[in-house]
Every structure is written in C-alpha cells, then in structure tokens.
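First up is the structure itself, then whatever we jot down about it.
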There are 2 protein chains.
Amino acid sequence: MSRKPPPKRARAKQKRLSPDDRRREFVAKATEFFSEEGFGGGTRDLARRLGVTQPLLYRYFPSKDDLIKEVYRTVYLEPLDTGWEKLLTDRSRPIRDRLQEFYNAYTDVIFTRKWLRIYLYSGLKGLDINRWYVGVVQDKILARIIRECRHEAGLPAQSKPSASEIEMAWVFHSGIFYYGVRKYIYESPVLEDKARMIGDALDVFLAGFGRVIAAPAAPKCAPVKAIG
Amino acid sequence: MSRKPPPKRARAKQKRLSPDDRRREFVAKATEFFSEEGFGGGTRDLARRLGVTQPLLYRYFPSKDDLIKEVYRTVYLEPLDTGWEKLLTDRSRPIRDRLQEFYNAYTDVIFTRKWLRIYLYSGLKGLDINRWYVGVVQDKILARIIRECRHEAGLPAQSKPSASEIEMAWVFHSGIFYYGVRKYIYESPVLEDKARMIGDALDVFLAGFGRVIAAPAAPKCAPVKAIG
DNA sequence: ACAATGGGTGATCAGGCGATAAACAGCGAA
DNA sequence: TTCGCTGTTTATCGCCTGATCACCCATTGT
C-alpha cells in the first residue's frame, strides 16, 4: 500500500563516501550535536540528525563513549599546530603586532559555539585531555609570550618564567578567552569588534606587565621605565 | 531474621528539623550533588546521598526540575549583596585597596568547586538566570569599577561607561574569574597565592587602563600621564 | 548473470530514569 | 487507648537509553 516505490532516488542522492570519510562525517556531525545537547544527548537523536538509524552508529563506533572520545580528539587538536611558534617569536616584528595577529587567528578558530561548548563540557568532566590542553597552552603559548615580554622590557632572559609571571599571562589569556564564552555560550552582548577587544587587552597587558615585573613590590606610582 | 530491632535509636540521632529547614537541607545537599554529577545525575543517587529514599524528594519538590531551579536560585544569590557598592565607591581609600579587598572577598565566595561547577553547568544550558547574573556583574561591579578608574585617572565622569571600557573591565574580571575555573574545575596547578594573583592582575589593569583610555589610538610608547 | 560482501534497517533486550500510588510508622491531641 | 496527621518507605508504572541481533538490499568482482 504505502510501500515506497523503489527508493533508488533517495539513495542516489547521497554521494558515495569512502568508509573513512563517512566515519569522519559522523564525527563532525556528532561534534555539532553534542555541543548543543551535551554528551547526555541520545544516540537516537544523533542518528536522526545524521539521517540514518541508530544501530548504524554501532557499526562505526563500538560504543557511544568511543564516539565521544573521537569528538574530543578532533576538537582539541583543531586549534593546534598552525605555526604559532614562528609567529610569536619573530623578533623582527613588534611584539604587539605579533600578539595581535596570534590572538586574532587563535580566536578565529576557538570562538565558535561548537568548540567552546565541547571544551567546557569536557572540562567539567575533568578529562585528562583537558589538562593536557591547558598544559600545551601554558608551555607553547603563555611561556613564550612571557619570554618575549621580558625581552621587550629589557629584562634578563631566564629559562623558565616564574609562577607569578605565568599567572599574569593566564589572567591576560583568560580574559580574552572568556570573551568567547560570554558571546557564544552565555550569548551576552559583547563589544562587537573582536580585534579591538584583543588590541585593548594587549595594550593594557603590555603597559602593565612591564611595570609590575620591573617593580614587583612597588607602589602604584612607580616610574615607568621597563616599557618605552 | 534480619528485621531491624525497633530503629528508634537511628531515628533519634537525626535531629528534628522544621519542614522548611529540611527542605533547605535538601537543596543544599542537592547543590553539592549536582555540582559533581551534573544535572543529569539521577534522583535515586541524590536520595541515597541524602540518606532517604527517592520518592521522598517528590514530597518536597514537585519535580526534579523544580529542585534544580531552587538550586540555581540559592547558588546565584549566594555571592550577591554583601555591601560592595560602599566598598567599591569609598573614595576615601586608594582604588587599588578597594579593588583588592573586593576581589579577595568576591573570590572567597565563588571560588569553590561547587559554585563554579553549578555556574558553568547552568551557563551551558543558556538559562535566563545566567544572563541576569552576567548583567548584574556588569552593572553593579564592572560599571562602578570603570567609573572609579576614570575618576582616579582624572578623566571626566560620564553617565555610562563606553562599550570598549566595559569590555576592558570584562577582560580584567574574566582573567581573575578563570583562575578559579583553572584551579577548581580543571584542577590545574595555579599560583597558590590567590591574593598575589589578584594584586598582580590589579597592578597590570590599573597601570594599563589609564594609558589606554587616555590615548585611545596611541602607539605603545605614549607618555604616562593619566596615572600617577 | 549471480553470488558475495558489507552498509543499512527493524525489532528487541535489559537497565535506568522520573514520577506515582498505596502502605506504613511515629507522634500529638482527644 | 485510639484517632488522625505527617514524614517515610515499598512497590510499581511507563518511558527512554545504550546496545545487540537477525535480516535486507545495493553495489561489486567475476
């Protein structure tokens, strides 16, 4: 009766993908799905969004948890390894330019609803991969920024930045990061000009960092000599 | 056989609480529970932690969702209304002292695993109460800080801070806030001396703010005259 | 043309979920 | 004591979840 006429048409529409590509497609769509619903979202809803039935997921992934792990991997690797080291340490350019360009690019990648939500969800789970990422940010980004700032301020180089220097870099970095959280997760109104926000944050940080580092216990009116 | 002898003893141990107190106790423990498990945590597990059976919850709360809403209310109201206005606007004291004392106290309240986790979970849900809280922070805290900073820098008062000023205050505030996230949610190692972190953040912000505000489009070596 | 292969589906299972109803237990008033 | 009230438990319902199995059908190699 209502038996479909041969659904070849419908089949024909979906282009043939290699198994690996199909799998990657699943992971990508699953990332979107879990970013909205949280990892408590059901496999049936996910399958519906993929346009397939739920048992099919288990042909590509042994369990929901394995699928989730692969979502983590792709999300956490996405913003990494795009030639920052050279950018951050290229002393032929003013430090402010380098940092502005870096944060413009970095936030272009991570300031999406999808990325930020997956990141926070996984952070709340206390996953190892989250701590690993935080460590990468600290070692590959913040430590370098500190080193460049010290160089800029004419301070002696040191192998490892001090704990309080790292902390200052974290406070600076987090301030920028949280702009994305406010905009894409809380959906609060923010200053629309992202580059302006980064620029102002940089100006405040660069102006303040030199003074604080140069005079660790100084009163607030210490002479400015570390910068300029 | 293993039927308990009259459990009067066990009953006697738990002190009689008024229904309202009992209810409050439930909400408090539920807050702890949900902060660890997320709001997907089961009512049976919650009841077990309360030392009662699951249906009893439904005598005190019509549904799980109502219980959760009350958790939100208590959590979001906890850090509010502790006389900040006077503290922040008391111009008889140096601004740095005021801000240091304020952030010491504010972070004493919100830097707990419980508070931060509930806050982030509810933020991810996109709840109205979250946007409301963000608005309160902006109006009652950040706008005042900006006003005091402008005053300190000898700049003319204005009824409303500009969007970019608010944004700078957000970046500053978020930097401090995220210290708590890193410590209590990601459980990353952080600078142990919280007051030092706040102090450094303040020094950077106060030193940088004046320069940026005084010379909006200035190069990075503009003379420092707004502060000091 | 035809069997084989493997992507895809319908039916289903066991378990956990939120929620409800009925039974029970302790306590103060009559 | 006895009644009734309130706090608490036992038993249970319907639903949804992650996961599995047997089956189907389309493409492909020969």
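Throughout, protein chains are lettered first and strands after them, A, B, ... in sequence-line order, and every chain is numbered starting at 1.
B:Y133 has its ring centre no less than 6.0 Å from the ring centre of A:Y186. Centroid-to-centroid, the aromatic rings of A:Y103 and A:Y179 stay 6.0 Å apart or farther. Checked against a 6.0 Å centroid threshold, the rings of B:W84 and B:Y106 count as neighbours.
No salt bridge links B:R196 with A:E167; every basic N to acidic carboxylate O contact stays at or beyond 4.0 Å. Of the charged side-chain nitrogens involved, at least one lies within less than 4.0 Å of a carboxylate oxygen, so that A:E25 and A:R22 count as a salt-bridged pair. Salt bridge annotation for A:D21-A:R24: present, with a cationic side-chain nitrogen under 4.0 angstrom from a carboxylate oxygen. A salt bridge is defined here as a Lys NZ or Arg NE, NH1 or NH2 lying under 4.0 Å from an Asp or Glu carboxylate O, and A:R131 with B:E187 meets this definition.
To the nearest angstrom, P of C:dG7 lies 14 Å from CG of A:D21. Distance B:E25 CD to D:dG7 P: 14 Å, rounded to the nearest Å. Nucleotide D:dA19 holds its P atom 10 Å from the CG atom of A:L67, rounded to whole Å. Rounded to whole Å, the distance from CZ on B:F26 to P on D:dG7 is 11 Å. Separating the CG atom of A:D45 from the P atom of D:dC15 is a distance of 17 Å, rounded to the nearest angstrom. Protein atom CD1 of B:I68 is 14 Å distant from nucleotide atom P of C:dC17, rounded to whole Å.
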| request: Tell me, with the steps shown, if A:D45 and A:R48 meet salt bridge (Lys or Arg N to Asp or Glu O under 4.0 Å). | output: CA-CA 5 Å; A:D45 286 348; A:R48 194 174 311 125; 3.0 Å; yes

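B:R22 has no side-chain polar atom (N or O) that falls below the 4.0 Å cut-off from OP1 or OP2 of D:dT6.
Residues from residues 46-63 of chain B that place a heavy atom under 4.0 Å from any atom of DNA chain D, listed by number: B:V52, B:T53, B:P55, B:L56, B:R59, B:Y60. Near DNA chain D, defined here as any heavy-atom distance below 4.0 Å, the residues from residues 30-43 of chain A are A:G41, A:G42, A:T43, listed numerically.
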